[in-house]
Amino acid sequence: MPYDPQLPPDGASAASTGLWPDPLSLLLESTGEGIFGIDMDGNCTFINRAGAGMLGWDPADVLRRNMHELTHHSHPDGRHYPVDDCPIFNAFREARPCRIDAEVFWRRDGSAFPVEYSSYPILDGTQVRGAVVTFVDITGRRAAAEALQKAKDELELRVSERTRELSAALGQLRELAARAEKVREDERTRIAREVHDELGSLLVALKMDVNWLDKRLGEQEARTLEAAQDMRRRMRGKCQNMSRLIETAVDNVGRIITDLRPSILDHQGLWAALEWQAHDLLPAAELALDWHMDVPSGLTLPEAEAMAVFRVFQEMLSNVVRHAQASRVVIRIAVEEGLLALSVQDDGRGAPAQAFEAADAYGVMGMRERALHFGGTMEILSHSGRGTLCSLFWPLIRAERFQ
């Protein structure tokens, strides 16, 4: 059977017609990135509102339009982009996915914006029937990378020209390190959205395959024996393709899951995130936990500071799990005279003081740099055989209190 997607009537979006199953509609409309499907002629079979909006169109105006002619017709410098050179078309016609981050899409008003897009072929057995394309506007990411590179270049030039201003150069280096950290945190957030969108594309393809199987199974009784056997072979091929799509999804999730931003920090705040991290990590490592937290109700830190405190706390716990060989951990979090005091004490093997000052003690250096950037300090007390006490003191000059 040829690929025959159900298109909504003119003037209506796919989600508004009810032609798609509700979960698929919710999936397409829930993402902030663009998702659209094309047939073998390059004509749009569906598009979500976010994607149409980025292109400056209403979803109904994009359906059945050739997407290359509509939004991928020219290079960034305005030169014509022949459809035969288009990676989207060349990739899915050869039954392989592609991922490009060096091109632009064109809006309805004639302006262009840089995109990162992925194309996944829709297969009917071994025959390609179209593709699902996801795309994201990377203008902000490119601007941040250019700004970071510019800042780095300016810093290197200033250091080379003004060696006598070493202290000032070190201060600027800390600013650069803090900025680089912010870019990394932004990238982690972007990766989380990327996983969602990649899974979305795979789920759309899987949903189409499931619908195809459901329809063919319903027709099986009416077929002759020979036709039924042939259809079973085709369905087996479809199932094998679905299995590959699922394996791809699992690989994508496993590859970057540890880099994702903790959602509890955004939804429930810093204090809940700290408690969750301790009660999730330490019992799993078979460490007894003695937890004490006394923080005024409604106290919140700015987002950047909350993330920095959380990352320092994560590193403290990680060091205990990896190096301390402890059996018990005492955690105390309190507010004292305008300072947040956070301490992690273990009963492990301890270490000499010079171990925490070594040139390769990157975890300790990272914690201190995070604290120093916001005016905080780190203290580490440790003795061989008597455990380690790691304390963070964080000024609350930018904190807010809500009743």
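In this structure, His72 has its ring center at least 6.0 angstrom away from the ring center of Trp106.
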Tell me, with the steps shown, if Met293 and Ile331 meet side chain to side chain contact (heavy atoms under 4.5 Å, CB included). CA-CA 8 Å; Met293 183 165 65; Ile331 297 176; over 6 Å; no
Can you list the steps and then say if Leu55 with Phe105 is a side chain to side chain contact (heavy atoms under 4.5 Å, CB included)? CA-CA 8 Å; Leu55 300 175; Phe105 279 179; 4.2 Å; yes
Going through the distances and angles, do Phe393 and Met378 end up as a side chain to side chain contact (heavy atoms under 4.5 Å, CB included)? CA-CA 6 Å; Phe393 300 97; Met378 287 283 305; over 6 Å; no
After noting the C-alpha distance and the side-chain angles of Ile380 and Arg368, does the key distance pass the side chain to side chain contact (heavy atoms under 4.5 Å, CB included) rule? CA-CA 11 Å; Ile380 301 176; Arg368 285 178 171 157; 4.2 Å; yes
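Looking only at side-chain heavy atoms (C-beta outward), Cys239 and Leu213 come within less than 4.5 Å of each other. Thr300 has its side chain out of reach of Leu270: every pair of non-hydrogen atoms, C-beta onward, lies at least 4.5 Å apart. Using a 4.5 Å cut-off on side-chain heavy atoms (C-beta onward), Leu340 and Val309 make contact. Two residues are said to be in side-chain contact when any heavy atoms from C-beta on lie closer than 4.5 Å; Leu396 and Val335 meet this criterion. Looking only at side-chain heavy atoms (C-beta outward), Leu389 and Val344 stay at 4.5 Å or farther from each other. Contact annotation: the side chain of Met316 never approaches that of Asn319 to less than 4.5 Å [non-hydrogen atoms, C-beta and beyond]. In this structure, the side chains of Leu265 and Met307 come closer than 4.5 Å at one or more pairs of heavy atoms. You'll find the side chain of Gln127 reaches within 4.5 Å of the side chain of Arg129, heavy atoms only.
For the pair Arg65 and Trp57, the cation-pi criterion (under 6.0 Å, within 45° of the ring axis) is fulfilled.
Checking Asp290 against His292 by side-chain atom types alone, a donor-acceptor pair falls below 3.5 Å. Inspection of the Gln149 and Asp153 side chains reveals an N or O donor paired with an N or O acceptor under 3.5 Å. Ser343 and Ser391 are not linked by any side-chain donor-acceptor pair at a separation below 3.5 angstrom, with hydrogens and angles left out of the test. Between the side chains of Asp41 and Asn66, not a single donor N or O lies within less than 3.5 Å of an accepting N or O.
Of the charged side-chain nitrogens involved, at least one lies within less than 4.0 Å of a carboxylate oxygen, so that Glu116 and Arg99 count as a salt-bridged pair. For the pair Asp294 and Arg332, the salt-bridge criterion is not met [side-chain N within less than 4.0 Å of a carboxylate O]. Between Asp209 and Lys238 a salt bridge is recorded (basic side-chain N to carboxylate O distance below 4.0 Å). Using a 4.0 Å cut-off between charged side-chain N and carboxylate O, Asp77 and Arg79 make a salt bridge. For the pair Arg141 and Glu146, the salt-bridge criterion is not met [side-chain N within less than 4.0 Å of a carboxylate O].
For the atom pair CG (Leu274) and CD (Gln314), the distance works out to 9.5 Å, reported to the nearest 0.5 Å. Atoms CD1 and CD1, on Ile38 and Ile88 in that order, are 6.0 Å from each other to the nearest 0.5 Å. How far CG of Leu289 is from CG of Leu282: 5.5 Å, rounded to the nearest 0.5 Å. Note: Lys215 NZ to Trp212 CH2 = 10.5 Å, rounded to the nearest 0.5 Å. Here the CE atom belonging to Met367 is positioned 12.0 Å from the CZ atom belonging to Phe313, to the nearest 0.5 angstrom. Within the model, atoms CD1 of Ile122 and CG of Asp39 stand 9.5 Å from one another, a figure rounded to the nearest 0.5 Å.
Under the 3.5 Å distance criterion, the side-chain polar atoms of Asp58 are left unmatched by any main-chain donor or acceptor of Asp61.
Using cut-offs of 30° and 60° for the angle between ring planes, the Phe113 and Phe135 rings count as tilted. Ring geometry for Tyr81 versus His75: interplanar angle under 30°, hence parallel rather than tilted (30 to 60°).
The two residues Pro82 and His80 make their nearest non-hydrogen contact at CD-O, 3.3 Å. Here the closest heavy-atom approach between residue Ala351 and residue Ser382 is recorded as N-OG, 2.8 Å. The minimum heavy-atom distance between Ala102 and Arg142, with the atom names listed, is CA-NH2, 3.5 Å. Among all heavy-atom pairs drawn from Asn90 and Arg96, the shortest one is O-NH2, 4.3 Å. Closest approach of Thr377 and Ala371 over heavy atoms only: N-CB, 4.0 Å. Closest of all the heavy-atom pairs between Ala326 and Leu287 is O-CD2, 2.8 Å.
More than 12 heavy atoms of other residues, nucleotides or ligands lie within 6.0 Å of CD in Gln229, so this atom counts as buried by the packing criterion. The number of heavy atoms from other shown groups lying within 6.0 Å of CD (Glu226) does not exceed 12.
Results of the side chain to side chain donor-acceptor pair (under 3.5 Å) test with Glu305 over Arg370, His373, Arg398 single out Arg398 as the only residue that passes.
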